[in-house]
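Report on the following structure.
For clarity, every value in this text was computed on a predicted model and none was experimentally measured. Worth knowing before you read on, the calculation uses all heavy atoms, side chains too, and leaves out hydrogens, waters and symmetry mates. Numbered from 1 within each chain, the chains take letters A, B, ... in sequence-line order.
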Protein chains: 2
Amino acid sequence: MATVDRSPTEGSGKSVPAGARRTTLAAVAHLAGVSIATVSKVVNGRSDVAPETRSRVQELLRRHDYVAPVDRRTEAAARPTVEVQFAGDLKPYVAEALGGIVDAATELGVSVAISQPARGPRWARDLVSMGRRALIAVTSVYTPAYLDALMQAGLPLVVLDPLHLPHSEVNSVGPTNFAGGFAATQHLLGLGHRRIAYLGGPAIAAANQARVHGYRAAMEARGTPVPDAYIRSGEFTFQTGVLGAAVLLDLPSPPTAVFAGNDEIALGVVETARTRGLRVPQDLSVVGFDDTLLARVASPPLTTVRQPLREMGGVALRTALRLADGEKLESHHVELATELVVRASTAPV
Amino acid sequence: MATVDRSPTEGSGKSVPAGARRTTLAAVAHLAGVSIATVSKVVNGRSDVAPETRSRVQELLRRHDYVAPVDRRTEAAARPTVEVQFAGDLKPYVAEALGGIVDAATELGVSVAISQPARGPRWARDLVSMGRRALIAVTSVYTPAYLDALMQAGLPLVVLDPLHLPHSEVNSVGPTNFAGGFAATQHLLGLGHRRIAYLGGPAIAAANQARVHGYRAAMEARGTPVPDAYIRSGEFTFQTGVLGAAVLLDLPSPPTAVFAGNDEIALGVVETARTRGLRVPQDLSVVGFDDTLLARVASPPLTTVRQPLREMGGVALRTALRLADGEKLESHHVELATELVVRASTAPV
DNA sequence: CTCTGTTTCCGAAAACTTTCGAAAACTGGT
DNA sequence: ACCAGTTTTCGAAAGTTTTCGGAAACAGAG
C-alpha cells in the first residue's frame, strides 16, 4: 500500500531525469560546504543557523528541488488542527455551532481540538507548540491580555458570536441580530400585538443590544410606544426567563407578547405563564431567538429567529484556516442572515 | 535552552536510575527481538507491522517509558490527546457527556480532539500518526471492522453509553439503566398510577432494553399486568414521542402515565398531550430519562431519571488514559448510578 | 589588554525514519 | 497437492533529525 501511495508524488512537477537520484541533504551539504546536520536545520526552520548560511543553503535547496520527507508523507499526519474554546457549559447554542465546525472540518480534512479557555502565561504558545494553527472562540470574552498572548504566539483568532462589539483587531462571525430582532417584532405586531416586551441577555452583550435595537426599530416604525419597563436584561438562561416574565406579568399593563433574547429565556417565559394558568399562545405569545433544538422540542414548539449556527461554524472554520494560511481578510466581521421560523407559540391577540 | 527544558521531564513518575540513558528505540528493539526500523514503525503508527508484533512492541515501549522525539520537543507537545467521536448531531445528551470529558481533560492536562466517525481503510492508523493515544466513542455503533481497525492500530477504545450489549472485547461506561427504569416506574406506581406505558428508543439498543426490563420488573413486583401495546419502540427523538403518545392515547384503555426512554421523547409526549387539551401532570404524568438541559427547561419541568453524564465523561476519559498507559482493567464495563429527579411532570392520578 | 562568562553557530555522533527488496504467508486457481 | 500471482511483514541500508559539546564571537569587568 505504501508503494501505491507514493506513486502520485513521483509524477509531480518537473520530474527528475530518469536514473538520477532524488536530491539528498548530503548532496546539498556538500555543495554548500556545510554538514548534513546544518542543512537539515535549515529545512526544518531550526534557529541555530546563521542567517547568511541559512539563505545560502536555502538557495541551493531550491535550485536542486529538494523535497523533505515530511512533505512526501501522506496527508494524514500533516492535517492542520484548529482549537475551539468555549467557556462554561456546552449549551445547545454552542453545541450546534460546534457541530457545524466539525462538519466543515471533516469535509476539509482538518482536525478539531476543544478546550476550556486556558490560563497561565504560556497558554497561547503552548497551543502553537501542540500544532494548533488557529483558534476559534465561541461566545468568549476576550481581554487585551488574551489578544496580546495570541498576537505574541502568532495564532490567528476567529470569534463566533462575539460578546463585544465587532472590533477591528478581531475577526468575528455572527448573525444579523438587528434584522432578527426586527423581524420577530414585526411578526408580533402583524398578529395585532401592541404590548410587546423584550426580555434579553446581558445588557453589555453586543448581540443583545443589536436585538433590542431591532425590536425598538420595529416598534417605532409602527408608532408603538415602548415603556421602559418593557425592556429587561439578565442572563441567557431559563432562570432569567422565569423571573423576568413574572415581573413583566405583574406590571399594571402586562405585555400580551414577549420577545425573548434566546430560546432558553423563552422557555422560562413559557414556564412562568404555565404556572400562572396562562396558555401559550392563546393568552401570551412568545418568540425566541436562535432556533436551537430547544425551540423545536418545546411545548408548544417555539416561534423563533433562526440563526444559521452550523453554517456560522463552517464560516468560522474556513476563516480561521485562511488566516492560518496568512491570507488577509477583506472584512473583519461576517454576518449571516437570520430567518423567522413561525411555530406554535405565537397567535393573534 | 534545550538542556533546561528537558530537566522537568526527568523528575516524572518512576525515575530512571541516575546516569542511565533515556530509553532508545534500539534498546526496545533488542528486547522485542525486532529491528529498530520495526519499532519506529510502531511508534509512528505505520501500517506494515503485524498486529501481534505491534502489541508486543507497544507493551515494551510503555514499560520502559519511551518518549518519542517529537514529544520531547516541548513539554506542551507531550500532552497526550484523546479523540472523541460522535455520530450525527451534537444532542444535549452527547454535549453534556462531552462537557464532562473536557472538564476532566482540563484537570488532567490532556488534549481532546473531536470528530465524526471516520471512513476509509486507514482511519485508525491516521489517528495514531496524528498523535492520538485513545479513542472515546459516544453512542456510536461499532462494527467488527471498526474494532479490527482499532486493534490493528493499537488504539484503545472506550465506548460511552454503548448501543450494543457490553461486550468483553470492548470497554464501556454507562448508567444503571435497569435501576433507573425501575425507580421511574416505582415512582409512578407510588403516585397511584396503574396504566403506565413505556415509550422508548430502538428495540435493539441495550440501554433501551435495560430500561424496559426495569420497568417490567417494577410493574411485576406490584402485580400490575403490562399489556403488549403499552411498550413501544422508536428512535430517541421528539418525533417518536409525538407519534407514540398519539397511538397510546388512542388505545381503548389509554395510559395515565408514560415513562419515556429519554427526555426528548418525553417532550414529544408532553406536546401531544398539549395538542389534545390534556394537562401535564393533572391528566397525564410523564417521566423522562437522562436529565439533560431539556428536562430542566421544559414546561412543566420534567420528572426524570438523572444520568451522571459529566461524571460518565470523566470516567470514560480516565479509563481511556489508563488503557493508553497499558493498564489492564479489572472490569470491562462500568455503570454509574442513576437517580430519580422529581419535578413537575408527574402527579397522583 | 586580559580574564571570565555568555551567546551564537556549527558539526560529529547518536537517534530516528523512510525506502525498498526479499522472504513468508496467503490467495486462488488447476 | 502444486503452482503462479498477490499481499503481508520485516529488516538492511540510506536518508534525516536531534543531541550535545566545543569553537568562535561577543560582552562586560577589572
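For the pair Ile36(B) CD1 and dA13(D) P, the computed distance is 12 Å after rounding to whole Å. Going from atom CG of Leu25(A) over to atom P of dA14(D) covers 16 Å, rounded to whole Å. As rounded to whole Å, 18 Å separates atom P of dA24(C) from atom CD of Glu52(B). The distance from atom NZ of Lys41(A) to atom P of dT19(D) is 10 Å, rounded to the nearest whole Å. At whole-Å resolution of the value, CG in Asp48(A) and C1' in dA23(D) are 14 Å apart.
Within the 4.0 angstrom heavy-atom criterion, base atoms lie near Ala37(B). Contact annotation for Val49(B): backbone-only contact, meaning every heavy-atom pair under 4.0 Å involves sugar-phosphate atoms and none involves a base. No engagement by Val39(B) is indicated, since no non-hydrogen atom pair under 4.0 Å with the nucleic acid exists.
Heavy-atom distances to DNA chain D give each of Ala50(B) and Val43(A) a nearest nucleotide, and the one nearer the 5′ end belongs to Ala50(B).
Counting only heavy atoms from C-beta outward, the side chains of Val138(B) and Leu98(B) never approach each other to under 4.5 Å.
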Quick one: do Arg62(B) and Asp325(B) satisfy salt bridge (charged side-chain N to carboxylate O under 4.0 Å, His left out)? Show the steps, please. CA-CA 7 Å; Arg62(B) 272 196 297 269; Asp325(B) 281 349; over 6 Å; no
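Phosphate contact (OP1/OP2 of dT18(C), side-chain N/O of Arg46(B), threshold under 4.0 Å): present. The phosphate of dC16(C) (OP1 or OP2) has a side-chain N or O of Tyr66(B) nearer than 4.0 angstrom. Close to dG11(D), at under 4.0 Å from its OP1 or OP2, lies a side-chain N or O of Thr38(B).
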